Amino acid sequence: MKKYNHKTIEEKWQKFWNKEKMYNVNTQNETKNKFYNLVMFPYPSGDKLHVGHWYNYSGTDIYGRFKRLQGYDVMQPIGFDSFGLPAENYAIKTGIHPDESTTNNIKQMRKQLKAIGAMWDWSHEVVTSSPEYYKWTQWVFAQLYKNGLAYRKNAPVNWCPSCQTVLANEQVQDGTCDRCSSEVTKKSLTQWFFNILKYADQLLDHEGLEWPEKTVTMQKNWIGKSKGCNVDWLVKDSKLKLSTFTTMVDTIYGVTFVVISPEHPLLSELITEENKDSVQKYIEKAKKKSDIDRMAEGKEKSGVNTGMTVVNPLTGKEVPLWVADYVLMNYGTGVVMGVPAHDQRDMDFAKKYGFEIVQSICNNNDETFVYDDVDKYNVKGKIVDSGEFTGLSILEGRKAITKKLESEKFGKETTQYKLRDWLISRQRYWGAPIPIVYDPEGNPHLIPEEHLPWVLPTDVDYNPKGASPLATSQELVERTEKIFGKGWRPEVDTMDTFVCSSWYFLRYPSATEETVPFNIETTNKWMPVDMYIGGPEHACMHLLYARFIHMVLRDLGFTKVKEPFKKLVHQGLITKDGAKMSKSKGNVVSPDEFVEKYGSDVFRMYLMFMGPYTEGGDWNDQGITGVMRFREKLWNTISTDAVIKEDLKSEYETKLNQTIKKVGEDLESFQFNTAIAALMEFLNFAIKSGIDTKGKKALSVIIAPLAPHFAEECWVTLGGDGSIFNQAWPKFDAKKTILDTAEIAVQVNGKLRGNFKIPRGTEESSVVDQAADLENVKKFLEEGQIVKTIYVPDKLVNFVVKT
RNA sequence: GCCGAAGUGGCGGAAUUGGUAGACGCGCGGGAUUCAAAAUCCCGUUCAUGCAAGUGAGUAAGGGUUCGAUUCCCUUCUUCGGUACCA
């Protein structure tokens, strides 16, 4: 028996896999059972890989290797999502070009990714900041543009007046700039949008996707479709009309005020002279507050009177028009009808400013209620004090009132979404340039495909004053004029990095192709992604954007596949001392020292043994010795000759079959912790019973996804041929997974009083008799009369005794 | 505020079509081995009580359904995550 030297052994096998190109997939080849195993690609940060990445990629690789052993042609690509803010900030700080720092970080991370010993297919690597990739990101933009899905409109950005620059949300701290602490304001810029709303209904349909229920719910809530009614209110002494959106038009007789958002474009025309000052002040104050600030103030409402009144189209009643920042401009119409009797927020507002509270609906017990759950009350309540509609059920009333409003042209049934169109413009340097140029009249034109990649200029000031960095490039202007003519100007904004990551899964299988973004035939062969693994924080952004872009390209005929990600799993978060790991907190745990000391196999097994994959957990290294001991014992057992003890042979068979079954099921469902526990249990038994070569081989194969280098070494030690990953997952005999004896628990009134063994399948009467005969059971049975006996075959007897 | 998830030994965690709570591992205690230590092996390890057999309590707290509840229902508390006051 040789000593197990993880360092040389792991190095040896990584070299072997590399040399044999074992995990490089030729996507041109025919395949009957492809398996596209995908993990969300990393951002190449200067922090390098931490244990959280290892956790993420270990689970991915375990699943991929498991699928390979099950006979699938597995493709498990990796790449880098390399455009983004951190590299740009680093450049501003150090003067090092983002391209240089990014390239260095990628080099570092490649090395670390290789140390995992994962079956990455490096032949299909993508780097989103390379011209070879972003050329096609620009092509994606072009497809949307040509099909009317990309358009320009004004949208506000965070603006630091002191730095003269646009700030990301994360750069705004309590309303101030995180660099210079001056107060951040809003500035309106013309920006590019993708019309994701057009796909809202399709995105709501998750049919056929094997996704966590929670994620589907989150996306549905994010899209937030709701049916309701727009109602028009005439403004008294004015020619203006205000439209409100409501999902509860049935309460329109209970309206006692109307509230308008401080950002509403018509607001300036809706203030009486005497209220001008106070409203102006209020608007100024609201402008400075971010949406998060507004929310942080909790239930405390604020508002101010415009002095105007509006007219209820059904009752003719005049109600006051107020301004309040609890009304958001970016949802509905930016104007809300106030129904304090049945809406909590309106109730809070009315109580604070003394508005009348008028009931217009009640439940079936004639009680009033706050209308916070549409579905709950649809069926239950009815309309009261509402003229001709009184007495109708809420649902009937809603229909009747909508109909009346429509016939009198004061309203219209409408559908609203919470989802907004996707703003893709960024006033940043380190991103894919938007492939647009403007003619001398300022009209946008798509840059023809022959000029792609429309390369990112290098002669720029990363920290410009007042405009996007690309605006400082002389070369970009010259290039534009040279190609398009005098007076033509380039677009200077770049694309949101989410655009880069919204189609990379289409690029992977075709990554070696230079003339197309992706080969349609290859795509139809390899898509959809069969398993997609990544953090739950991407539920509403990346996972929605990627589905959207995929749907657009699908509708344009580039793929026949309906949805990009068939199965989805979210790994849990690994924290350190309860906090997310970050350089700024100084709690980043590097995997490198553990890999050095224990090896990749032990380290990844330990990470997986910490708990369920989807839960994550707080990092500590206290238990890693247990996994280390497990590997040592397993190595000793496999590399030592032994025979199975005669008296334990049948139990051994059962245990082995049980373990093969259990480990297979657990790997399939990402319960790696219990898979490892089952392997440990089997090893503990095998040390007692002895194990033959057939058993050792089976054991090596089922542990291979978890400890790939170790398994390879076991395989050659056992005289196996080639790589263990060309073996098949062992079959188990279902009949042999069940022991022929069973243990019966005996309860009296549900309390355990004893147990005994029976041959499986013993007759009920016999088991009950034996149970009643146990000394400790007798004692309790004598205390009263047996009124009932419950028998669960091969499991339990419960005597119900009455005293 | 709203939405979602989760609370089990000293610690990480296991067990749910309702059927013996604490698998597996860490740690700890005892023993073997050793001149000694490390490593390794064996035994024990939810708490209380008892020499023991056993008994009582116990899965965040309180109630309910049931012969039987970590598992189902209601209420409350705590922690974590998400958040765009969605009319």
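As a basis for the values below, the full set of heavy atoms in this structure was taken, side chains included, without hydrogen atoms, waters or symmetry mates. Since the structure is predicted, the reported quantities are computational estimates derived from the model, not experimental observations. Proteins get letters first, then strands, A, B, ... in listed order; numbering begins at 1 in each.
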I'd like a list of close polar pairs between nucleotides 38-45 of chain B and the protein, N/O only, cut-off under 3.5 Å.
none

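- Legend: salt bridge (charged side-chain N to carboxylate O under 4.0 Å, His left out) pairs involving residues 654-664 of chain A, not counting sequence neighbours, sorted by first then second residue: A:Glu651-A:Lys655, A:Lys661-A:Glu665, A:Lys662-A:Asp666.
- As judged by a 4.0 angstrom heavy-atom cut-off over every strand, A:Asp618 is placed among residues making no nucleic acid contact.
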Look for any protein N or O under 3.5 Å of an N or O in nucleotides 15-22 of chain B and output each such pair with its distance, or none.
| residue | atom | partner | partner atom | Å |
| --- | --- | --- | --- | --- |
| B:G19 | N2 | A:Gln747 | OE1 | 3.4 |
| B:G19 | N2 | A:Asn798 | ND2 | 3.4 |
| B:U20 | O2 | A:Asn755 | ND2 | 3.2 |

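- Residue-level contact check: A:Pro536 touches neither bases nor backbone, having no heavy atom under 4.0 Å from any strand.
- When the options A:Tyr282, A:Phe355, A:Phe257 are evaluated for a ring-ring contact (aromatic ring centres under 6.0 Å, His included) with A:Trp322, the one that passes is A:Phe355.
- Where pairing requires Watson-Crick or G-U contacts shorter than 3.5 Å, the helical stems of RNA chain B with at least three consecutive pairs are B:1-7 with B:77-83, B:10-12 with B:24-26, B:27-32 with B:40-45, B:46-49 with B:54-57, B:60-64 with B:72-76.
- Applying the salt bridge (charged side-chain N to carboxylate O under 4.0 Å, His left out) test to every pair with at least one member in residues 675-685 of chain A, sequence neighbours left out, gives no pairs at all.
- With sequence neighbours left out, A:Tyr598 forms a side chain to side chain donor-acceptor pair (under 3.5 Å) with no residue at all.
- For residues 327-341 of chain A, no residue pair satisfies the salt bridge (charged side-chain N to carboxylate O under 4.0 Å, His left out) rule, not counting sequence neighbours.
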Sub-3.5 Å pairs of nitrogen or oxygen atoms, protein against nucleotides 9-12 of chain B:
| residue | atom | partner | partner atom | Å |
| --- | --- | --- | --- | --- |
| B:G12 | O2' | A:Met610 | O | 2.6 |

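- Note on A:Phe780: only backbone sugar-phosphate atoms sit closer than 4.0 angstrom, heavy atoms only; bases stay farther off.
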So which protein nitrogen or oxygen atoms get under 3.5 Å of nucleotides 46-49 of chain B's nitrogens or oxygens?
none

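- With sequence neighbours left out, A:Thr575 forms a side chain to side chain donor-acceptor pair (under 3.5 Å) with A:Asp618.
- Listed by chain and number, the residues in a salt bridge (charged side-chain N to carboxylate O under 4.0 Å, His left out) with A:Lys317 are A:Glu356 (sequence neighbours excluded).
- Qualifying side chain to side chain donor-acceptor pair (under 3.5 Å) partners for A:Asp577, counting only residues two or more places apart in sequence or in other chains: none.
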